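These notes are about the structure you will find just below.
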Amino acid sequence: MKIKIVSFIAIFLASFLHAQTIEVCENCPVSNVKDAIKVAKDFDTIVIKKGTYKEHDILVDKPLTIIGKDYPVIDGEMKGEIITVVSDSVTVDGLFIINVGTSYTEDYAAIRVKRSKDFVIKNLVLEKLFFGIYIEKSQNGKIFHNKIIGDAVEEYNSGNGIQLWYSKNVEIEHNFVERVRDGIYLEFSDFCTIKNNVSANNIRYGLHFMFSNDDIYQDNTFENNGAGVAVMFSKKIKMYNNVFKENWGTASYGLLLKEINDAEIKGNIFSNNTIGINIEGSNRINYINNDFINNGWAVKVRGACYTNHFISNNFLYNSFDISYNSNINDNIFDKNYWSNYTGYDLNKNGIGDIPYRPVKLFSYIVNRTPETIILLRSLFIDIIDFSEKVSPVFTPDNLLDNNPKMKRITW
């Protein structure tokens, strides 16, 4: 066994030590990317100098480092996919890729990584694209510092900025994505980290993932997307310190949770959304230290939700704090700050002496008859909300925060 390991290390070192650099430019011996890949040996470096290279269907089938100098342009001329990686240990760095072909039968991408591992995609600028970066059945990769600018107008003829499909252990960090269908899309992709990205002005979702478990989403900004962010049919998700803002529309929300279990949503900001969080069929989720600010509804709980804990959150100046259309189902609201709370604190311990009832009768009425929203600021609404508070009939009488904070919580 030791002999095999030593032999493998020796072969790897020999390949590394003999690696060469191949330059690509108009006047170089190698003038296009495809030819450079053909003549390259394993672990060589290809340096593409500044210029425009009209190429597509570039196949990277060996471990290589491909580096652009001063952002050379790879122009696919709308003919199809531009770069496809099918080898392990490939790095693509510093290219400006434009004019990906559009198809209604093929998901053409600016760069696709297929059945590979240990890949790095970084410092790319992608424009005039269908799909941007497409990772398929691959693992142990990094997608860093890329700028993806689409020109999507409608869902049916546009693709996603960064897409993972049946992949795992992929880090997606410090990317900027806008004007595509979904900014970042994951399906059947586990143990991934999505961190410090900005996904804005997209046609549908800033982030969309399904059937993906044990993923972490941290320090991202999702702004002004068509429908917000959708998280569905997944478990053991951690969402920390993200910003969900300016997602407005009749079917928009900061965050949609559908069939999510055993997750933690902590330290996020939900600001100026039609709905901060829309929850359906999701269980055993801890919502801790989040800010809900100036939303239409801070939280809408639509049913089949059990054992969720809303602890130490700030609910600030929302039109409605909580909308709830089912039984309490052992969900807990405790030690939150509610800007609409009008109770008192005689013993000065920072906790209100009377519980807060976050579900208002008018919220119940609007859910059943949306047109009544025009009455939101009328005196009549204050009266019916007060009567429901005194003697609950239509709202859950046991949905209470028994320890409402008197001051906004800081952390």
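Here the structure is a predicted model, which is why all the values come from computation and not from measurement. Positions are given from 1 along the sequence.
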Qualifying residue for salt bridge (Lys or Arg N to Asp or Glu O under 4.0 Å) with Glu280, from Lys258, Lys300, Arg302
Lys258
Centroid-centroid under 6.0 Å between [X] and [Y] rings:
X      : Y      : answer
Phe270 : Phe244 : yes
Phe96  : Tyr71  : no
His174 : Phe144 : no

Considering all heavy atoms, the nearest [X]-[Y] contact:
X      : Y      : result
Ser87  : Pro63  : OG-N, 3.0 Å
Tyr217 : Asn242 : O-ND2, 3.0 Å
Tyr53  : Cys25  : OH-CA, 3.4 Å

Can a side-chain donor-acceptor contact be found between [Y] and [X] if the only test is distance below 3.5 angstrom?
X      : Y      : value
Tyr134 : Glu136 : no
Asn160 : Arg181 : yes
Tyr108 : Glu81  : no
Glu264 : Tyr240 : yes
Ser252 : Asn247 : no
Tyr287 : Asn268 : no

Is it the case that atom CD in Glu26 sees more than 12 heavy atoms from other parts of the structure closer than 6.0 Å?
no
For atom NZ of Lys147, is the number of surrounding heavy atoms from other residues, nucleotides or ligands below 6.0 Å larger than 12?
no
Does the plane of the ring in Phe310 sit parallel, tilted or perpendicular to the ring in Phe333? Use 30° and 60° as the thresholds.
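Geometry flag for Phe333 against Phe310: parallel rings.
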Partner of Asn295 by side chain to side chain donor-acceptor pair (under 3.5 Å), out of Asn272, Thr274, Asn318:
Asn318
Only one of Tyr341, Trp338, Tyr337, Tyr356 forms a side chain to side chain donor-acceptor pair (under 3.5 Å) with Asp401, so which one is it?
Trp338
Against Arg112, only a single residue in Val86, Ile82, Val60, Asp107 fulfils side chain to side chain contact (heavy atoms under 4.5 Å, CB included); can you say which?
Asp107
State plainly whether the residues Lys195 and Glu173 are in salt-bridge range, i.e. N to O under 4.0 Å.
no
So, Glu55 and Lys34, do they make that salt bridge, N to O below 4.0 Å?
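Salt bridge between Glu55 and Lys34, a charged N being under 4.0 Å from a carboxylate O: no.
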State, with a plain yes or no, whether a side-chain heavy atom of Val198 is found less than 4.5 Å away from one of Asn220.
no
